[in-house]
Amino acid sequence: MKNFIIVVIIKIMHIVLKIFGKNGGNLLGKLAYEWNPNIFKYFKIECPIVAVTATNGKTMTNNAIGHIFKTAGKKVISNVEGNNMETGILSTLLKNCTLTGKLNADFLVFEVDEGYVPVVFKDLKLDTLVILDFFRDQLDRNGEVETLILKINDFLKTYNGNLVLNNDDPNVARLGKANPENTNIKYFSVEKYDFATEKIKEAGEGKYCPFCNTELKYEYYQYSHIGKFVCPNCDFGNNKITTLATDIDLKNRSFKVDDITYNIRFNSIYNIYNFTACVCVASIYNIESETIKNALSTFVLNNGRLEEVEINGTPTVINLAKNPTGANVSLRILNEDDEEKELLFVLNDNIADGFDVSWIWDINFDKLNNVSRIITSGKRAYDIAIRIKTSGYPASKIEPYLSLSDAVNSFYSNNIKKYVIANYTSLQPTRKEIFKHK
Amino acid sequence: MKELKILYLYPDLLELYGDYGNIQVLKYRLEKRGFKAIIDKYCINDDAPDFNSYDLVFAGGGADNEQSILSKDLIKYKDDIKKAVQSGVFFLLICGAYQLFGKYYKGVEGNIVNGLAVFDYYTEAIEDRKKRCIGNIVISANLNGKETKVIGFENHGGQTFDINTSFGKVLYGNGNKFGDSQEGFMTENVIATYLHGPLLSKNPEVADYIIKYCLDRKYNENLILEKLDDTFETLCRNQLLEIFKDSQ
């Protein structure tokens, strides 16, 4: 009865919020959770739940999976806006359920914060869990990566559902051994792409085998510590691959799985991983490859995740970077493009960003390809200017502005191609400022 | 061409908070002035380094797991390191490395990780795992007689005791312990500190103090370093000091 009353009240609040044009974000879930932390048990869910977790790529992959299911004519409920902690997921459930807690859908698709997987799925039955990657991320807020991985490992010990794992990230692949009884583990992998390297190029984790502490051997690195590895001592990493992406062509934006070509709207190796995971999930639910093809060829995410726009005739690429790997992936795309370009880097140090900005020193700014000017902004505009200068890029071509509007005005004073990297809380203000020039 | 030889300890294990940036800053400031920076890296299983042949030894902070792996390796060089410190090689030690050079580190469960005991201080983990000294920090350090504000970011659970010569007085933040008045450990040729940032990126005066010390020692002179264009650094320092002053 208590839960019923909570749901009724939340529903009324939702309607009121809607009247005032508000979405509410985590708010509704937060209220309900404080009222009853066991409210997850109230929901009657008969369809499969698919969840995506990772350090980077959650929103992109979550939305792409939802888009594939929808293209297949399925009804999907999903936290598409990225509210991915227990309260955010609860909000999504509450907004979409009937008064008796029923969810009428073919699939529930959620992105879940790495730290919250065990909390959210204590009382919700998970059908498929996708794990993409683990990178260092806001150390002052999240602590060390290892702590997070161990938490998820504990959760997986009793989990028997589908587990879709990136076999090219040792920190993800190791989770396939958490529960030896689970027969539903599917590894995905991506073949070497043109800009893969023999030596690691950017900061990474997991240099040692988690099972025997031997140094892992890499055939190649795609980006950061993602690549083809194996433990020379215990053979960790040598798994049977369910979904293998081949023929990676970033110029023409396509890749193949089982000889079927998928055209996509993005040109980053990191998205090839995200979409390979999507293909793997879609095949679990027997979605036809023609449907996946259609879905991926139309999928875009216009919220600053590798967003491509024309601003007054100037081509602009905007990407969020919350951590070194996110920024390094953006710089990879920039360096793989030979055209002349300018870069805007916006760095804040608000609570949601982490107060510690030392992570920018793990970004590889060496040998930037044909970048004629760099503008920095945000609350820590000077920190990032110092960082870039020290990497060897000429100080005379760096312009720091604390004011974002000054920075963007100067940025669009010419029509040279633009790349924008913005961290978490600076992303939307930066987009807003940029779109004023449209 | 004058050159400095720098030994970077455990770059693959002690690399968590961008501390490698300290080496990049030193290299940058040396090369801008026409000096050469030779950087050698030492990892577990490499041949034993000759500590005394270096002008500067650097080690940073790492994850707990990595730190216990390497402490066993480092302890092999205890005597060599002591000799190098005594003969005046400069040691720049950040966070975990700072702790390892003391007598011991006592973990949450009471487990003792032996340090090199090059210095007399020791560190104890705070019992509550969630409690850490985290945040921006400003200290006042005495560099060749000049009081200098040093800005960084601290993130440590360990509380370090028995410091008689600190790196600086705490103006904002915690320091060696929660709410301490002192931060780090310093002698003429040692700076051991909890300050990340990386430390030298926002504190060119500390970087130049180290560079001058090493060059003077090596070439037996009293060098006046050429001024560099520190416009960004100055803007950054003024901005941050203003913010911290307001939030005090």
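A note on names: the letters A, B, ... follow the listed sequences, proteins ahead of strands, and every chain is numbered from 1. If you're wondering where the values come from, they're calculated on a predicted model, not measured in any experiment.
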Item to check | Nearest atoms (heavy-atom pairs only) where A:Trp361 meets B:Gly21 | outcome: CE3-CA, 3.4 Å
Say you draw a straight line from [atom1] of [X] to [atom2] of [Y]; how long is it, rounded to the nearest 0.5 Å?
X        : Y        : atom1 : atom2 : answer
A:Thr390 : B:Tyr28  : OG1   : OH    : 6.5 Å
B:Leu13  : A:Tyr208 : CG    : OH    : 4.5 Å
A:Glu215 : B:Ile44  : CD    : CD1   : 10.0 Å
B:Thr234 : A:Tyr382 : OG1   : OH    : 11.0 Å

Item to check | Portion of A:Leu402 that has a non-hydrogen atom of chain B nearer than 4.5 angstrom | outcome: side chain
Item to check | Region of A:Ala395 in contact with chain B, defined by heavy-atom distances below 4.5 Å | outcome: both
Item to check | Heavy atoms from other residues, nucleotides or ligands near CG of B:Asn111 exceed 12 (cutoff 6.0 Å) | outcome: yes
Next on the checklist: Can you tell me if A:Lys30 has over 12 outside heavy atoms packed within less than 6.0 Å of its NZ?
Outcome noted: no
Checklist entry - Top residue by heavy-atom pair count (under 4.5 Å) with chain B, among A:Arg380, A:Lys379, A:Arg387, A:Lys389? => result A:Lys389
Checklist outcome for this item: Ranking A:Ile398, A:Ile386, A:Ile360 by heavy-atom pairs under 4.5 Å to chain B gives rank one to A:Ile386
Checklist entry - Is it the side chain or the backbone of B:Gln239 that comes within 4.5 Å of chain A heavy atoms, both, or neither? => result side chain
Next on the checklist: Report which part of B:Asp229 has an atom under 4.5 Å of a heavy atom belonging to chain A: side chain, backbone, both, or neither.
Outcome noted: backbone
Checklist outcome for this item: With chain A, the option among B:Cys236, B:Gly152, B:Gly197, B:Gly135 that has the most non-hydrogen atom pairs under 4.5 Å is B:Cys236
